[in-house]
Visitor: 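The structure follows.
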Amino acid sequence: MKYDFSAIEAKWQKKWEEAKVFEATDDFSKPKFYGLIEFPYPSGAGMHVGHIKAYSGLEVISRKRRMQGYNVLFPIGFDAFGLPTENYAIKTGVHPRKVTDDNIEHFTAQLKRVGFSFDWSKVIDTTDENYYKWTQWIFLKMFENGLVFRDTALVNYCPSCKVVLSNEDSQGGKCDICKSDIVQKSKDVWYLRITKYADKLLSGLETVDYLPNIKMQQVNWIGKSTGAFVNFELKGIDEKLRIYTTRPDTLFGVTFMVMAPEHPILEKHQDKISNYADLAAYKDECAKKTEFERTQLIKDKTGVRVEGISAVNPITGKEIPIYISDYVMMGYGTGAIMAVPAHDERDYDFAKKFGIDIVEVIKGGDISKEAYTGNGEMVNSDFLNGLTDIKSSIAKMVEKLEEKGVGEAGVQYKMKDWAFNRQRYWGEPIPIVHCEHCGMVSVPYEELPLRLPEVKNFEPGEGGESPLAKIDSYVNCKCPKCQRDAKRETDTMPQWAGSSWYFLRYIDPKNSEKLADPEKLKYWMPVDWYNGGMEHVTRHMIYSRFWHKFLYDMGLVPTEEPYAKRTAQGLILGPDGDKMSKSKGNVVDPNDTVDRYGADVLRVYILFMGDYASAAPWSESSVKGCKRFLERVADLPGMVKGSGSTDGLESLFHKTVKKVTTDIEELKFNTAIASLMTLLNEIEAKGSLTKDELLVFIRLLSPFAPHICEEIWESEGGEGMIALAEWPTYDEAKTVDATVEIAVQFNGKVRGTVVIAKDATKEAVFEQVHSDERFAPFLDGKTVIKEIYVPGKIVNIVVK
RNA sequence: GCGGGCGUGGCGGAAUUGGCAGACGCGCCAGACUUAGGAUCUGGUGUCAAUCGACGUGGGGGUUCAAGUCCCUUCGCCCGCACCA
């Protein structure tokens, strides 16, 4: 058969679309499979080979599951709000709507050319008002339930771009866009109280099947620690200094206190602090330090002694000095610590630099040289002396603190509340009205979606305001509660918003009454398998798990967790082995490969190139190898002879069915394809195969190379389309050969092989070995010390 | 610094979990064919020795009849978190 891939691929893509073969049905009687890939941001650059790899994994699994009789939902959509589109609009004056529509059209054409089996009837676009209506709706539900609040925060601000930047966009203290210096600016910020769900987000991980490193990253991100809060009296002012510690057992070793430079107590009691000017100067200096500088100077401790006030150890009654230092941060714990230099490296460095006492309370190290952070016997600690178990020391101290009313057990999280607004145009408008009399008021549900107004230019306003703030007709409105004049919120939601619940909307994308029909949700949720990049396993996944858990608590979704299983693919590197990037000029365009070799070759190559979860460099010549493979497959129909099974191939066919079936489920696509190549080699060596065998072969190959397999299926008179043909099954008994060739070792060295019956007894095997003259030289004149036979695997004879 | 992962031919990578290391593909070598192609086909291809064989999974040591796989030690890469009290 001539392998005219472009004609074949265009033909079948059209047929699939016409026959709607990939549309999920709401037939709740069938077993379901919901496979989810991370929907793309439709950038102007078009698709990348990395997109193809990211989607190919679940593409193959979805195609296989369909053939196995599942009702498969494998949807696609576009996460289309975001900065690049907006920046492009600012530069060119083209409306973001138009840019987005063009890019989506381009992406859609590319995705269809690769032959992905997405359900295009359920495509979603986060910037569609019928979608973001529900994003706003969920936000209002959170607002009503106390999960939304407003606070001032220091933000990274670029005075040149007039834009507030995320930490990622301001690395090294320079603006990512214009490279000018970032300044810290105080701003009103919307927050989502994700920390309220910290414990649920942590415990929920025990119920899901994520790759271990993915779970680990999430646990790390949530960062739960247990310890105690302790209140220290302050001498000189009527105020207590509250600290958090994970090691209350070391309280007898506290020789100083450290507060974050921005700690509010300092400013509040500045009249009692004799060197307040010094503290203020230090604080300013720290504010100027960028994230970069702070981490670079990690070992070099700086700080200032607070004069005029001191702290009192609540257990010993001893008076101890207070310092401020930027190694203590306002954003974690209480913004103040008790310092135990003998047993904490940071406190040790600080104490050495400032000449503060170091008191050992745990034996085992040499505190004249370094801090000792290990276990040991408690000393210099009154009622704790002699204890060796940290847990019981902590318990005893906490008990004492609670008894005296100066502290209590507590937990802390690294995870912070989610800053949920951007001063940008191309995002979901936050549906809140600010009223002088009523405060913050929800936009009524019946007024959703709150649409983005038309604006003439998308540049941010002075001081980093949203472009929406310049539109009087948008800003000025009536308070929904009291009907008096009010102002509309002009910030929009961050890009993470729309992707926090999209997997729910796919289930019922056109519903105008609800975010999705509860019956459909009950059938389709949870997502059975979610695959994507490692870069999204913390933020996106945790944010979306949080939204889902909130919706579950509202009774709006049927499962506590959105994703039952999560895996991640590895990167495709450039041919030079480096990460692909425009600046390096090593980016591979999937279109080139499709043009030259066809979509089937591209698909097979991307899954054959290596372990799916690992990074692997692109190799043009290996692509050609996959082309050769499919060309040889296209020639198989010419080799068909008879029916049933070919002598000598039956067992290999059963083995291959088994291997491909199980490998696909384990994301071992490379070895699945390799086993099909091996089978093809054997078929060619035999010179023929039966029609039944051909039909098995192409069904196994069809998830990887669907177009050519449909073509052969049709030419061989297969029933219907191969996309919905029955997945081949295997007979376990037939995967085992009647005879096996096993290695014969003498003293652990292989000296030859013998062919034996698969169920031969140990005695029979050794009789055969001993009577085989090839092995005589290794036995003559030697004493057999031990004979080992591992059934079906190996013989080892130890001789002397 | 802490946490996780990895290290196998010239290259991408296999290895049923302790049982013939290098499947499959690329590349390379030799040959065939030719309608001279971004071909195709056949054979070979871990290293050294070229006869038996010896050595080989970053290095060193160990357990075992048997180690890429398990243990100890050491070196080198990659990823994540990073002054989290």
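Proteins come first, then strands; the chains are lettered A, B, ... in the order of their sequence lines, and each starts at number 1. Reckoned from all heavy atoms, side chains included, excluding hydrogens, waters and symmetry mates.
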Visitor: With sugar-phosphate meaning primed atoms plus P, OP1 and OP2, does A:Asp347 contact a base, only sugar-phosphate, or nothing at under 4.0 Å between heavy atoms?
Guide: nothing
Visitor: For RNA chain B, what residues of residues 592-611 of chain A have any heavy atom nearer than 4.0 Å?
Guide: A:Arg596, A:Phe608, A:Met609, A:Asp611
Visitor: Check every atom of B:C55, B:G12, B:C26 against the side chain of A:Lys749 and return the nucleotide holding the closest atom.
Guide: B:C55
Visitor: What is the distance, to the nearest angstrom, from the CD1 atom on A:Ile572 to the C1' atom on B:G12?
Guide: 13 Å
Visitor: Does the structure show a Watson-Crick or G-U wobble partner for B:G80, both distances under 3.5 Å? Name it, or say none.
Guide: B:C2
Visitor: With sequence neighbours excluded, what pairs up with A:Asp576 under the salt bridge (Lys or Arg N to Asp or Glu O under 4.0 Å) test?
Guide: none
Visitor: With hydrogens left out and only the distance checked, is there a donor-acceptor pair under 3.5 Å joining A:Lys414's side chain and the base of B:C81?
Guide: no
Visitor: Sequence neighbours left out, what passes salt bridge (Lys or Arg N to Asp or Glu O under 4.0 Å) with A:Arg596? Give chain and number order.
Guide: A:Glu620
Visitor: Does B:G46 count as syn, meaning its glycosidic angle lies within 90° of 0, or as anti?
Guide: anti
Visitor: Pull out every residue in residues 210-221 of chain A that has a heavy atom closer than 4.0 Å to any atom of RNA chain B, ordered by number, or say none.
Guide: A:Met216, A:Gln217, A:Asn220
Visitor: Are side-chain heavy atoms of A:Ile673 and A:Phe704 found at a separation under 4.5 Å?
Guide: yes
Visitor: Check each residue of residues 739-748 of chain A for a non-hydrogen atom within less than 4.0 Å of any atom in RNA chain B, then write out the ones that pass by number, or none.
Guide: A:Glu741, A:Ala743, A:Gln745
Visitor: Within 45 degrees of the ring normal and closer than 6.0 Å to the centroid, is that where the cationic atom of A:Lys301 sits relative to A:Tyr327?
Guide: yes
Visitor: State the pairing partner of B:C24; accept Watson-Crick or G-U wobble contacts with both distances under 3.5 Å, and report none otherwise.
Guide: B:G12
Visitor: Can you tell me the Watson-Crick or wobble partner of B:A30, both distances under 3.5 angstrom?
Guide: B:U42
Visitor: What pairs with A:Lys793 under salt bridge (Lys or Arg N to Asp or Glu O under 4.0 Å), at least two apart in sequence or on another chain?
Guide: none
Visitor: Measuring to OP1 and OP2 of B:C20, would you say a side-chain N or O of A:Asn796 lies under 4.0 angstrom away?
Guide: no
Visitor: How long is the line joining CZ of A:Phe778 and C1' of B:C65, in whole Å?
Guide: 17 Å
Visitor: Output the single nucleotide from B:A21, B:C65, B:C83 whose closest atom is nearest the side chain of A:Val750.
Guide: B:A21
